[in-house]
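Just follow the structure's listing: the first ligand is 1, and inside any ligand the first atom is 1. Along the sequence shown, residues carry numbers from 1.
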Amino acid sequence: MAQLIQIINGPNLNLLGKRQPEIYGHETLEDVASACTTLGETLGLTCAFFQSNHEGGIIDCIHAARETAAGIVINPGAFTHTSVAILDALNTFEGPVFEVHISNVHKRESFRHHSYVSLRADGVIAGFGTEGYTLALRRLGTLLAQ
Ligand code: DHK
């Protein structure tokens, strides 16, 4: 049976493709979902997608994933740099967690250099554009097949 991967996107990522395309590219979140779904089928993984502009919604999604998902891919957006609550929620999840940033946060403002989520993440991908999501999915495919 296919294992479920919960893919979570935080604030402003609903505007992907329209928002600062020079930083975040031209692909939309629907494009990301489509690429992940297609790749997931080849890896035996089913992808569930969630986006919220609200911290509590993301936390509720992580809690629900405790019962349903084998792994999490999360781009918490700006909550990456501020949210102890999302870190705490991820610490309740037992499977692998991968943190994705579309842009190279280390090449940007210093406030983007620190990530609370990285204290829990099993791996971090930054600066690979939207391809970062499928790279994380490939790694989950490898880990969960072991
Ligand atoms: C997305 C955001 O919305 C920013 O707040 C982060 C991240 C970077 C990204 O690169 O995907 O700082």
Taking atom CZ of R138 as the centre, does the number of heavy atoms from other residues, nucleotides or ligands within less than 6.0 Å exceed 12?
no

Heavy-atom distance under 4.5 Å between the side chains of Y133 and V73, does that happen here?
yes

Within a strict 4.5 Å, meaning less than it, do heavy atoms of the D31 and T130 side chains meet?
no

Residue F128 excluded, over 12 heavy atoms near CZ under 6.0 Å
no

How far is atom 9 (C) of ligand 1 from its nearest protein heavy atom, and which residue and atom is that?
I102 N, 3.3 Å

Non-hydrogen atom of F79 closer than 4.0 Å to ligand 1
no

Identify the closest protein heavy atom to atom 2 (C) of ligand 1: which residue and atom is it, and at what distance?
Y24 OH, 3.5 Å

Regarding atom 8 (C) of ligand 1: of the candidates N104, L15, V105, L16, which has the closest heavy atom?
V105

Establish, for the pair R139 and F98, whether the NZ or CZ atom is under 6.0 angstrom from the six-membered ring centre and no further than 45 degrees off its axis.
no

To which protein heavy atom is atom 10 (O) of ligand 1 closest, and what is the distance rounded to 0.1 Å?
S103 OG, 2.6 Å

For the pair H113 and F111, evaluate ring-ring contact (aromatic ring centres under 6.0 Å, His included) and give the outcome as yes or no after the intermediate values.
CA-CA 6 Å; H113 297 176; F111 64 82; 8.6 Å; no

Sub-4.0 Å heavy-atom approach of N12 to ligand 1
no

Heavy atom of H113 under 4.0 Å from ligand 1?
no

Can you tell me which residue and heavy atom of the protein come closest to atom 3 (O) of ligand 1, and the distance to 0.1 Å?
R19 NH2, 3.0 Å

What part of T80, side chain, backbone, both or neither, has a heavy atom within less than 4.0 angstrom of ligand 1?
neither

Without swapping roles, check the side chain of H114 against the backbone of H81 for a donor-acceptor pair under 3.5 Å.
no

Going by the atom numbers of ligand 1, which of them fall below 4.0 Å from some non-hydrogen atom of H81?
6 (C), 12 (O)

Proximity to ligand 1 by part of R112, non-hydrogen separation under 4.0 Å
side chain

